[in-house]
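Chain letters run A, B, ... following the sequence lines, proteins first and then strands; every chain starts at 1. All figures in this text were calculated on a predicted structure; none of them were measured in a lab.
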Protein chains: 2
Amino acid sequence: MDSRTRPRATPAESPPSRIERLCIERGLKMTGQRRLIARVLSDAEDHPDVEDVYRRALALDSKVSIATVYRTVRLLEENGILEKRDFGGGRARYDLADRGHHHHLIDVDSGRVIEFADEEFEALARRLATRLGFDLVGQRLELFGRRPAAEPPRAPARRRPSGTGT
Amino acid sequence: MDSRTRPRATPAESPPSRIERLCIERGLKMTGQRRLIARVLSDAEDHPDVEDVYRRALALDSKVSIATVYRTVRLLEENGILEKRDFGGGRARYDLADRGHHHHLIDVDSGRVIEFADEEFEALARRLATRLGFDLVGQRLELFGRRPAAEPPRAPARRRPSGTGT
DNA sequence: CTAAATGCAAACGCTTTGCTCGAAT
DNA sequence: ATTCGAGCAAAGCGTTTGCATTTAG
(Lines give C-alpha, C1' and ligand atoms only; values in the text may rest on other atoms or scores of the structure.)
Protein backbone atom coordinates (compact mmCIF):
# COMPACT_ATOMS: atom_id res chain seq x y z
CA MET A 1 0.00 0.00 0.00
CA ASP A 2 2.90 2.44 0.58
CA SER A 3 5.77 3.47 -1.65
CA ARG A 4 7.83 0.28 -1.29
CA THR A 5 5.69 -1.82 -3.61
CA ARG A 6 5.24 0.92 -6.20
CA PRO A 7 2.10 -0.44 -7.88
CA ARG A 8 2.19 0.57 -11.52
CA ALA A 9 3.77 3.93 -12.20
CA THR A 10 6.62 3.58 -14.65
CA PRO A 11 5.66 1.51 -17.67
CA ALA A 12 9.35 0.97 -18.32
CA GLU A 13 9.40 -1.24 -15.19
CA SER A 14 10.30 -4.44 -17.00
CA PRO A 15 9.98 -5.75 -20.53
CA PRO A 16 6.51 -7.07 -21.40
CA SER A 17 6.11 -10.79 -20.96
CA ARG A 18 5.24 -12.96 -23.90
CA ILE A 19 1.64 -13.24 -22.80
CA GLU A 20 1.41 -9.53 -22.25
CA ARG A 21 2.43 -9.00 -25.85
CA LEU A 22 -0.22 -11.45 -26.99
CA CYS A 23 -2.83 -9.64 -24.93
CA ILE A 24 -1.93 -6.32 -26.48
CA GLU A 25 -2.08 -7.85 -29.93
CA ARG A 26 -5.61 -8.92 -29.14
CA GLY A 27 -6.53 -5.52 -27.79
CA LEU A 28 -7.12 -6.66 -24.23
CA LYS A 29 -7.11 -3.99 -21.58
CA MET A 30 -3.86 -4.32 -19.65
CA THR A 31 -4.19 -3.72 -15.96
CA GLY A 32 -1.48 -4.13 -13.39
CA GLN A 33 -2.79 -7.47 -12.22
CA ARG A 34 -3.15 -8.77 -15.73
CA ARG A 35 0.42 -7.87 -16.45
CA LEU A 36 1.42 -9.63 -13.28
CA ILE A 37 -0.51 -12.78 -14.05
CA ALA A 38 0.76 -12.69 -17.60
CA ARG A 39 4.30 -12.67 -16.33
CA VAL A 40 3.75 -15.50 -13.91
CA LEU A 41 2.27 -17.62 -16.66
CA SER A 42 4.88 -16.68 -19.21
CA ASP A 43 7.60 -17.68 -16.80
CA ALA A 44 5.94 -20.90 -15.73
CA GLU A 45 7.58 -23.99 -17.10
CA ASP A 46 5.11 -26.34 -15.49
CA HIS A 47 1.34 -26.70 -15.44
CA PRO A 48 0.24 -24.49 -12.58
CA ASP A 49 -3.25 -24.53 -11.22
CA VAL A 50 -5.04 -21.33 -10.33
CA GLU A 51 -3.77 -21.35 -6.84
CA ASP A 52 -0.18 -21.78 -7.96
CA VAL A 53 -0.60 -18.77 -10.20
CA TYR A 54 -2.19 -16.83 -7.38
CA ARG A 55 0.62 -17.61 -4.98
CA ARG A 56 3.35 -16.78 -7.46
CA ALA A 57 1.64 -13.54 -8.38
CA LEU A 58 1.35 -12.56 -4.74
CA ALA A 59 5.01 -13.32 -4.26
CA LEU A 60 5.94 -10.94 -7.07
CA ASP A 61 3.82 -7.96 -6.31
CA SER A 62 1.11 -8.79 -3.77
CA LYS A 63 -2.22 -7.34 -4.64
CA VAL A 64 -4.32 -9.63 -6.70
CA SER A 65 -7.39 -11.45 -5.58
CA ILE A 66 -7.93 -15.05 -6.48
CA ALA A 67 -11.10 -14.03 -8.25
CA THR A 68 -9.06 -11.97 -10.64
CA VAL A 69 -6.75 -14.86 -11.30
CA TYR A 70 -9.74 -17.02 -12.15
CA ARG A 71 -11.15 -14.34 -14.42
CA THR A 72 -7.86 -13.64 -16.14
CA VAL A 73 -7.02 -17.25 -16.70
CA ARG A 74 -10.43 -17.75 -18.26
CA LEU A 75 -9.98 -14.69 -20.43
CA LEU A 76 -6.65 -15.96 -21.65
CA GLU A 77 -8.11 -19.33 -22.39
CA GLU A 78 -10.97 -17.80 -24.36
CA ASN A 79 -8.43 -15.88 -26.35
CA GLY A 80 -6.49 -18.97 -27.22
CA ILE A 81 -3.46 -17.92 -25.22
CA LEU A 82 -3.74 -20.54 -22.52
CA GLU A 83 -4.90 -24.11 -22.55
CA LYS A 84 -6.84 -25.58 -19.72
CA ARG A 85 -5.78 -29.05 -18.69
CA ASP A 86 -7.57 -31.50 -16.51
CA PHE A 87 -5.27 -34.04 -14.95
CA GLY A 88 -7.89 -35.17 -12.48
CA GLY A 89 -8.05 -34.21 -8.86
CA GLY A 90 -10.44 -31.32 -9.22
CA ARG A 91 -8.05 -28.52 -10.02
CA ALA A 92 -7.65 -27.18 -13.52
CA ARG A 93 -4.12 -26.65 -14.75
CA TYR A 94 -2.93 -24.29 -17.42
CA ASP A 95 -0.18 -24.00 -19.94
CA LEU A 96 0.73 -21.84 -22.89
CA ALA A 97 -1.25 -22.72 -25.96
CA ASP A 98 1.59 -22.05 -28.35
CA ARG A 99 3.77 -24.75 -26.90
CA GLY A 100 2.14 -26.91 -29.55
CA HIS A 101 0.31 -30.20 -29.41
CA HIS A 102 1.70 -32.37 -26.73
CA HIS A 103 0.62 -34.96 -24.26
CA HIS A 104 1.59 -35.83 -20.75
CA LEU A 105 3.13 -38.57 -18.80
CA ILE A 106 2.46 -38.32 -15.11
CA ASP A 107 4.90 -39.90 -12.72
CA VAL A 108 2.52 -41.54 -10.30
CA ASP A 109 5.07 -41.51 -7.51
CA SER A 110 6.12 -37.88 -7.60
CA GLY A 111 3.25 -36.24 -9.45
CA ARG A 112 5.75 -34.81 -11.90
CA VAL A 113 4.43 -34.18 -15.40
CA ILE A 114 6.50 -34.83 -18.50
CA GLU A 115 5.42 -33.44 -21.83
CA PHE A 116 5.91 -35.23 -25.06
CA ALA A 117 4.68 -35.19 -28.60
CA ASP A 118 4.44 -38.06 -31.03
CA GLU A 119 3.68 -38.09 -34.71
CA GLU A 120 2.76 -41.70 -34.75
CA PHE A 121 0.15 -41.17 -32.10
CA GLU A 122 -1.39 -38.24 -33.93
CA ALA A 123 -1.77 -40.38 -37.00
CA LEU A 124 -3.20 -43.27 -35.04
CA ALA A 125 -5.72 -41.03 -33.31
CA ARG A 126 -6.92 -39.72 -36.62
CA ARG A 127 -7.20 -43.23 -37.95
CA LEU A 128 -9.16 -44.41 -34.94
CA ALA A 129 -11.65 -41.57 -35.22
CA THR A 130 -12.12 -42.21 -38.88
CA ARG A 131 -12.68 -45.89 -38.27
CA LEU A 132 -15.50 -44.96 -35.89
CA GLY A 133 -17.01 -42.61 -38.41
CA PHE A 134 -15.91 -39.27 -36.99
CA ASP A 135 -13.70 -36.35 -37.82
CA LEU A 136 -11.17 -35.86 -35.07
CA VAL A 137 -11.55 -32.45 -33.47
CA GLY A 138 -9.62 -33.00 -30.26
CA GLN A 139 -7.82 -35.56 -28.20
CA ARG A 140 -6.46 -36.20 -24.81
CA LEU A 141 -3.72 -38.65 -24.05
CA GLU A 142 -2.24 -39.16 -20.67
CA LEU A 143 0.14 -41.85 -19.60
CA PHE A 144 0.72 -42.74 -16.01
CA GLY A 145 4.09 -44.21 -15.33
CA ARG A 146 6.55 -45.19 -12.71
CA ARG A 147 10.29 -45.14 -12.82
CA PRO A 148 11.54 -48.70 -13.11
CA ALA A 149 12.62 -49.79 -9.62
CA ALA A 150 16.10 -48.30 -9.30
CA GLU A 151 15.53 -47.07 -5.79
CA PRO A 152 12.46 -47.76 -3.67
CA PRO A 153 9.99 -44.85 -4.00
CA ARG A 154 10.48 -42.95 -0.74
CA ALA A 155 7.44 -40.71 -0.71
CA PRO A 156 4.22 -41.94 -2.35
CA ALA A 157 3.10 -38.28 -2.41
CA ARG A 158 -0.65 -38.32 -1.84
CA ARG A 159 -2.32 -34.88 -1.76
CA ARG A 160 -1.33 -32.13 -4.20
CA PRO A 161 1.72 -33.54 -5.85
CA SER A 162 1.52 -30.41 -8.08
CA GLY A 163 4.20 -27.83 -8.32
CA THR A 164 7.24 -29.06 -10.10
CA GLY A 165 6.14 -30.57 -13.40
CA THR A 166 7.62 -29.78 -16.85
CA MET B 1 -42.82 -46.70 4.22
CA ASP B 2 -46.05 -48.74 3.83
CA SER B 3 -46.72 -52.03 2.16
CA ARG B 4 -46.84 -50.78 -1.43
CA THR B 5 -43.12 -50.42 -1.85
CA ARG B 6 -42.34 -53.64 0.01
CA PRO B 7 -38.77 -52.74 1.02
CA ARG B 8 -36.79 -55.95 1.30
CA ALA B 9 -38.76 -58.87 2.55
CA THR B 10 -38.57 -61.77 0.11
CA PRO B 11 -34.99 -62.36 -1.02
CA ALA B 12 -36.40 -64.24 -3.99
CA GLU B 13 -37.59 -60.89 -5.36
CA SER B 14 -35.42 -60.94 -8.49
CA PRO B 15 -32.20 -62.60 -9.54
CA PRO B 16 -29.07 -60.91 -8.20
CA SER B 17 -27.45 -58.49 -10.61
CA ARG B 18 -23.95 -59.04 -11.79
CA ILE B 19 -22.59 -56.41 -9.46
CA GLU B 20 -24.51 -57.84 -6.55
CA ARG B 21 -22.81 -61.15 -7.16
CA LEU B 22 -19.43 -59.45 -7.21
CA CYS B 23 -20.22 -57.70 -3.97
CA ILE B 24 -21.14 -60.94 -2.27
CA GLU B 25 -17.96 -62.55 -3.56
CA ARG B 26 -16.04 -59.77 -1.87
CA GLY B 27 -18.01 -60.18 1.32
CA LEU B 28 -19.67 -56.78 1.21
CA LYS B 29 -22.76 -56.36 3.31
CA MET B 30 -25.75 -56.29 1.00
CA THR B 31 -28.41 -53.80 1.96
CA GLY B 32 -31.54 -53.03 0.01
CA GLN B 33 -30.11 -49.83 -1.43
CA ARG B 34 -26.85 -51.46 -2.39
CA ARG B 35 -28.77 -54.13 -4.23
CA LEU B 36 -30.74 -51.41 -5.95
CA ILE B 37 -27.71 -49.41 -6.96
CA ALA B 38 -25.96 -52.57 -8.05
CA ARG B 39 -28.86 -53.34 -10.35
CA VAL B 40 -28.96 -49.88 -11.85
CA LEU B 41 -25.27 -50.04 -12.57
CA SER B 42 -25.38 -53.56 -13.88
CA ASP B 43 -28.11 -52.59 -16.29
CA ALA B 44 -26.46 -49.37 -17.40
CA GLU B 45 -25.03 -49.50 -20.86
CA ASP B 46 -23.72 -45.97 -20.74
CA HIS B 47 -21.48 -44.00 -18.40
CA PRO B 48 -23.87 -42.59 -15.83
CA ASP B 49 -22.87 -39.95 -13.34
CA VAL B 50 -23.94 -40.18 -9.74
CA GLU B 51 -27.08 -38.27 -10.36
CA ASP B 52 -28.08 -40.51 -13.22
CA VAL B 53 -27.65 -43.48 -10.93
CA TYR B 54 -29.61 -41.74 -8.23
CA ARG B 55 -32.51 -40.94 -10.51
CA ARG B 56 -32.66 -44.43 -11.98
CA ALA B 57 -32.53 -45.96 -8.54
CA LEU B 58 -35.35 -43.75 -7.34
CA ALA B 59 -37.38 -44.73 -10.36
CA LEU B 60 -37.00 -48.40 -9.50
CA ASP B 61 -37.70 -48.40 -5.82
CA SER B 62 -37.60 -44.89 -4.39
CA LYS B 63 -35.81 -44.74 -1.12
CA VAL B 64 -32.16 -44.02 -1.49
CA SER B 65 -30.38 -40.86 -0.61
CA ILE B 66 -27.84 -39.37 -2.93
CA ALA B 67 -25.27 -39.65 -0.14
CA THR B 68 -25.68 -43.40 -0.24
CA VAL B 69 -25.20 -43.43 -3.98
CA TYR B 70 -21.98 -41.52 -3.57
CA ARG B 71 -20.81 -43.86 -0.85
CA THR B 72 -21.75 -46.99 -2.71
CA VAL B 73 -20.21 -45.91 -5.95
CA ARG B 74 -17.00 -45.15 -4.11
CA LEU B 75 -17.11 -48.49 -2.37
CA LEU B 76 -17.54 -50.27 -5.66
CA GLU B 77 -14.70 -48.35 -7.17
CA GLU B 78 -12.42 -49.20 -4.26
CA ASN B 79 -13.33 -52.82 -4.75
CA GLY B 80 -12.41 -52.75 -8.39
CA ILE B 81 -15.95 -53.29 -9.54
CA LEU B 82 -16.51 -49.87 -11.03
CA GLU B 83 -14.22 -47.49 -12.83
CA LYS B 84 -14.44 -43.79 -12.33
CA ARG B 85 -14.18 -41.74 -15.48
CA ASP B 86 -13.58 -38.08 -15.83
CA PHE B 87 -14.81 -36.69 -19.11
CA GLY B 88 -14.57 -33.12 -17.92
CA GLY B 89 -17.43 -30.97 -16.80
CA GLY B 90 -17.13 -31.66 -13.11
CA ARG B 91 -19.22 -34.79 -12.84
CA ALA B 92 -17.59 -38.16 -12.43
CA ARG B 93 -18.95 -40.97 -14.57
CA TYR B 94 -18.83 -44.67 -13.90
CA ASP B 95 -18.72 -47.91 -15.76
CA LEU B 96 -18.16 -51.56 -15.04
CA ALA B 97 -14.51 -52.36 -14.57
CA ASP B 98 -14.76 -55.77 -16.18
CA ARG B 99 -15.74 -54.38 -19.53
CA GLY B 100 -12.00 -54.42 -20.12
CA HIS B 101 -9.54 -51.81 -21.25
CA HIS B 102 -11.18 -49.40 -23.55
CA HIS B 103 -11.10 -45.77 -24.48
CA HIS B 104 -13.68 -43.22 -25.47
CA LEU B 105 -14.63 -41.09 -28.36
CA ILE B 106 -16.90 -38.26 -27.38
CA ASP B 107 -19.21 -36.83 -29.99
CA VAL B 108 -18.78 -33.15 -29.33
CA ASP B 109 -22.15 -32.29 -30.83
CA SER B 110 -24.33 -34.74 -28.94
CA GLY B 111 -22.18 -35.62 -25.95
CA ARG B 112 -22.58 -39.28 -26.85
CA VAL B 113 -19.72 -41.53 -25.80
CA ILE B 114 -18.46 -44.37 -27.95
CA GLU B 115 -16.19 -46.99 -26.49
CA PHE B 116 -13.41 -48.64 -28.38
CA ALA B 117 -10.28 -50.64 -27.79
CA ASP B 118 -7.18 -50.80 -29.90
CA GLU B 119 -4.21 -53.10 -29.71
CA GLU B 120 -2.00 -50.84 -31.69
CA PHE B 121 -2.60 -48.00 -29.30
CA GLU B 122 -1.80 -50.14 -26.28
CA ALA B 123 1.50 -51.08 -27.83
CA LEU B 124 2.28 -47.51 -28.77
CA ALA B 125 1.50 -46.27 -25.27
CA ARG B 126 3.86 -48.78 -23.78
CA ARG B 127 6.55 -47.80 -26.22
CA LEU B 128 6.10 -44.10 -25.49
CA ALA B 129 6.40 -44.65 -21.76
CA THR B 130 9.50 -46.74 -22.21
CA ARG B 131 11.06 -44.14 -24.42
CA LEU B 132 10.58 -41.60 -21.62
CA GLY B 133 12.10 -43.96 -19.10
CA PHE B 134 8.98 -45.16 -17.33
CA ASP B 135 6.98 -48.30 -16.80
CA LEU B 136 3.44 -47.74 -17.95
CA VAL B 137 0.99 -48.18 -15.10
CA GLY B 138 -2.05 -46.48 -16.56
CA GLN B 139 -3.32 -44.47 -19.45
CA ARG B 140 -6.14 -42.32 -20.57
CA LEU B 141 -7.11 -41.74 -24.14
CA GLU B 142 -10.03 -39.71 -25.23
CA LEU B 143 -10.88 -38.61 -28.70
CA PHE B 144 -13.28 -35.82 -29.44
CA GLY B 145 -14.97 -36.11 -32.77
CA ARG B 146 -17.71 -34.79 -34.95
CA ARG B 147 -19.78 -36.64 -37.49
CA PRO B 148 -18.67 -35.56 -40.95
CA ALA B 149 -21.29 -33.07 -42.16
CA ALA B 150 -24.03 -35.36 -43.44
CA GLU B 151 -26.86 -33.44 -41.84
CA PRO B 152 -26.48 -30.17 -40.01
CA PRO B 153 -26.22 -30.83 -36.26
CA ARG B 154 -29.65 -29.91 -34.95
CA ALA B 155 -28.94 -29.47 -31.25
CA PRO B 156 -25.46 -28.39 -30.17
CA ALA B 157 -26.43 -29.72 -26.74
CA ARG B 158 -24.53 -27.60 -24.24
CA ARG B 159 -25.19 -28.55 -20.62
CA ARG B 160 -25.47 -32.15 -19.53
CA PRO B 161 -25.58 -33.99 -22.82
CA SER B 162 -25.23 -37.18 -20.69
CA GLY B 163 -27.64 -40.03 -20.76
CA THR B 164 -27.47 -42.19 -23.82
CA GLY B 165 -23.80 -42.96 -24.49
CA THR B 166 -22.38 -46.45 -25.14
C1' DC C 1 -15.63 10.11 -19.53
C1' DT C 2 -17.24 5.53 -20.17
C1' DA C 3 -16.75 0.78 -20.46
C1' DA C 4 -14.49 -2.56 -18.30
C1' DA C 5 -11.61 -4.75 -14.47
C1' DT C 6 -10.95 -5.59 -9.42
C1' DG C 7 -12.07 -7.09 -4.69
C1' DC C 8 -14.88 -9.07 -1.53
C1' DA C 9 -18.00 -12.09 -0.02
C1' DA C 10 -21.81 -14.71 -1.04
C1' DA C 11 -23.43 -18.28 -4.18
C1' DC C 12 -22.77 -22.60 -6.67
C1' DG C 13 -22.35 -27.49 -8.14
C1' DC C 14 -20.42 -31.69 -6.97
C1' DT C 15 -18.85 -34.51 -3.34
C1' DT C 16 -17.80 -35.72 1.44
C1' DT C 17 -18.78 -36.16 6.31
C1' DG C 18 -20.60 -36.07 11.36
C1' DC C 19 -24.05 -37.86 13.77
C1' DT C 20 -28.05 -40.55 14.99
C1' DC C 21 -31.05 -44.26 13.94
C1' DG C 22 -31.87 -48.67 11.76
C1' DA C 23 -30.61 -52.88 9.50
C1' DA C 24 -27.40 -57.00 8.30
C1' DT C 25 -24.76 -60.63 9.90
C1' DA D 1 -25.92 -58.26 20.01
C1' DT D 2 -22.67 -55.80 17.53
C1' DT D 3 -21.06 -53.78 13.62
C1' DC D 4 -21.79 -51.32 9.74
C1' DG D 5 -24.96 -48.79 6.45
C1' DA D 6 -28.53 -45.06 5.59
C1' DG D 7 -30.40 -40.62 5.86
C1' DC D 8 -30.11 -35.88 6.57
C1' DA D 9 -28.10 -31.70 6.74
C1' DA D 10 -24.02 -29.20 7.21
C1' DA D 11 -19.38 -28.61 5.57
C1' DG D 12 -15.72 -28.64 1.93
C1' DC D 13 -13.48 -27.54 -2.30
C1' DG D 14 -12.69 -25.37 -6.57
C1' DT D 15 -14.88 -21.98 -9.23
C1' DT D 16 -18.20 -18.27 -10.44
C1' DT D 17 -20.80 -14.07 -9.71
C1' DG D 18 -23.29 -9.63 -7.92
C1' DC D 19 -22.20 -5.37 -6.57
C1' DA D 20 -19.67 -1.18 -5.37
C1' DT D 21 -15.25 0.94 -6.44
C1' DT D 22 -11.21 1.78 -9.25
C1' DT D 23 -8.84 2.08 -13.59
C1' DA D 24 -7.51 1.78 -18.58
C1' DG D 25 -8.12 3.76 -22.89
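- As a whole-Å value, the separation of A:Arg71 CZ from C:dG7 C1' is 8 Å.
- Side chain of A:Ser42 to backbone of A:Ala38: a donor-acceptor contact under 3.5 angstrom is found.
- Comparing B:Val50 and B:Leu28 by the nucleotide of DNA chain C whose heavy atom lies nearest to each, the residue mapping closer to the 5' end is B:Val50.
- Put simply, CD1 on B:Ile66 is 11 Å from C1' on C:dG13, counting in whole angstrom units.
- The CE atom of B:Met30 sits 11 Å away from the P atom of D:dG5 (whole-angstrom rounding).
- Rounded to an integer number of Å, the gap from A:Arg91 CZ to D:dT15 P is 8 Å.
- Between B:Thr31 and D:dA6 there is a side-chain N or O to OP1 or OP2 distance below 4.0 Å.
- Put simply, A:Thr72 has no side-chain N or O that comes within less than 4.0 Å of OP1 or OP2 on C:dA5.
- A salt bridge does not link B:Glu25 with B:Arg21: none of the charged nitrogens is closer than 4.0 Å to a carboxylate oxygen.
- Below 30°, between 30° and 60°, or above 60°: for B:Phe121 and B:His103 the angle between ring planes is above 60°, a perpendicular geometry.
- When the P atom of C:dT16 is taken as reference, atom CG of B:Leu75 falls 13 Å away, rounded to whole Å.
- Within the 4.0 Å cut-off from OP1 or OP2 of D:dG7, at least one side-chain nitrogen or oxygen of B:Gln33 is found.
- For the pair B:Tyr54 OH and C:dT15 C1', the interatomic distance rounds to 14 Å; values are reported in whole Å.
- Comparing B:Arg74 and A:Lys29, the nucleotide of DNA chain C nearest to each residue sits closer to the 5' end for A:Lys29.
- Here the P atom of nucleotide C:dA23 and the CG atom of B:Leu36 are 16 Å apart, to the nearest Å.
- Dashed line: the shortest gap from a side-chain N or O of A:Thr68 to OP1 or OP2 of C:dG7 is under 4.0 Å.
- When the side-chain nitrogen and oxygen atoms of A:Arg34 are compared with OP1 and OP2 of C:dA5, one or more of them lie within a distance under 4.0 Å.
- Applying the 4.0 Å criterion to OP1 and OP2 of C:dT15, one finds that B:Tyr70 has a side-chain N or O inside that range.
- Between A:Arg131 and B:Asp118 there is a salt bridge, since a side-chain N of the basic residue sits under 4.0 Å from a carboxylate O of the acidic one.
- Stacking of B:Arg85 on the aromatic ring of B:Tyr94 is not recorded, the 6.0 Å distance cut-off and the 45° axial limit not both being met.
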